[in-house]
Amino acid sequence: MLAQIAQAGLLITSEPDNADVVVINTCGFIAPAKAESIEVIRHFVQRKRRGAVKKVIVAGCLGQRLGEKLFSEVEGIDAVIGLDKRDSIVRIIRTTLSSNRSASYVDRAAKAHSDTVPDDRVRLLITPGHWAYLRISEGCDHRCSFCTIPSIRGRFRSKPQELVLAEAKELASAGVVELNLIGQDTSYYGRDLKAGAGLSGLLRELEKIDGPAWIRLMYLYPSGISEELIETVAGGEKVVHYLDIPIQHINNRVLRAMRRSDTKEQIQRLIETLRRSIPDVTLRTTLIVGFPGESDREFAELVDFVSWAQFDALGCFEYCREAGTSAAQMPDQIPDQVKRQRLEELMLAQQEIAFARNKKRVGSELKCLVDSADINTGKGRFYGQAPEIDSICIIEKCSAKAGQLIKTKVVGTRDYDLLVEQV
Ligand code: SF4
């Protein structure tokens with residue numbers, strides 16, 4: 001959207017309070033994300049009432065999920081855009097500016113989703129110039145009982161390999177050294193394409209592109225991780241030894257109720273295989289606590305598993321009862337207070353693990369990608385830290401610039417972060 005807006009000659013400002021049009025790209029797959037989006041929308045609608053902003057347009061997942069309902073949720077929105085209307089953003093901005101009526105550009109029917117993944121070439125990056133997200137697929141064919149994403153983003157479809165490679169080359173020539181591969185389910189990449197060799201084949205081709213030093217895989221569905229993929233990651237030169245594998249839970253009854261296709265035994269075996277095949281692998285996962293019917297014993301099993309698995313990084317959500325999902329209709333919904341307690345307990349267990357794993361790194365040498373540098377001190381990440389969600393390295397005696405890869409030595413820890421020195 002940004003690139004199209006800029007190409008059309010419209011001026012993009014980083015001071016939204018003085019813009020003619022504010023386009024809010026929303027998230028809306030669970031209640032807290034929706035609340036955050038609504039708060040931002042309300043802020044700009046109020047600015048509009050005071051005359052500081054002329055029009056407010058809502059784009060992204062919340063717009064797709066709620067469509068016209070958003071007009072009654074927050075009065076004063078001028079336009080709502082569906083996900084498949086992304087490439088009409090300039091036309092919609094111009095129409096909105098010249099109209100006094102609010103309009104919805106959302107088709108919420110299941111068949112409304114396009115069969116292809118939009119072409120993301122020609123981008124205007126809002127991440128720091130040296131790293132970028134690279135979307136390789138769209139939608140999801142799983143039907144986890146708690147999840148609204150397939151209804152928002154449609155069925156799984158891969159972006160054709162040549163498009164992914166073209167986009168990666170473009171990013172590389174713009175100076176991007178870290179590509180973070182994303183999609184709702186990256187491990188399924190290529191299964192719907194006639195030609196191409198799935199995710200492993202894509203990684204091998206991406207490795208040939210000059211420029212990027214790190215290629216990172218996010219959001220791998222556990223049962224989609226093949227032996228070939230493990231070998232490709234283990235033997236790759238640029239694919240970093242970091243895997244983000246959301247498992248959601250570990251108790252077999254809960255996994256079944258969640259409609260996940262893995263069992264506890266399969267997940268355990270996968271983690272053992274990964275640790276054996278890629279000894280320096282960093283593993284990240286995501287879990288849900290307080291799923292309907294989750295008993296104290298099932299939750300305790302999850303905590304025990306976290307201790308056993310020794311994840312390097314872990315994100316945990318309280319279960320959200322989302323309209324339109326089958327889990328929302330399940331009996332034995334867990335009270336909010338219990339969910340909160342379970343989340344705290346789990347995160348405390350993980351904190352001990354993360355701190356201990358960090359301490360073991362003291363004295364070792366790590367290659368760091370500098371994200372920002374101030375006088376003498378920088379912030380960066382080693383391969384085991386993904387941007388925006390993981391801990392960071394605080395770089396002392398840093399003489400490098402953002403985007404440079406430097407040698408560092410770990411000299412200490414600060415909570416979840418590592419203290420390193422440039423060497
Ligand atoms: S795999 Fe992920 S995106 Fe797909 S339905 Fe399950 S939780 Fe949602």
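Counting convention: from 1, in listed order, for ligands and their atoms alike.
- Side chain to side chain, E178 and Y133 fail the donor-acceptor criterion of an N or O pair below 3.5 Å.
- Atoms of ligand 1 lying under 4.0 Å from at least one heavy atom of Y221, given by number and element, are 1 (S).
- Counting only N and O atoms by type, the side chains of S391 and Q385 include a donor and acceptor under 3.5 Å apart.
- Looking only at distances, no side-chain donor or acceptor of T413 sits under 3.5 Å from a matching main-chain atom of N358.
- A distance-only check finds no donor-acceptor pair linking the side chain of S200 to the backbone of T232 [under 3.5 Å].
- The shortest side-chain heavy-atom distance between Y416 and D390 does not fall under the 4.5 Å cut-off.
- Within the protein, the N, O or S atoms lying under 2.8 Å from atom 8 (Fe) of ligand 1 are C147 SG.
- Between the side chains of Q404 and H130, not a single donor N or O lies within less than 3.5 Å of an accepting N or O.
- Set against the non-hydrogen atoms of R260, the atoms of ligand 1 under 4.0 Å away are 1 (S), 6 (Fe).
- Residue pairs that meet the ring-ring contact (aromatic ring centres under 6.0 Å, His included) test with at least one member in residues 199-242, sequence neighbours left out, are H142-Y221.
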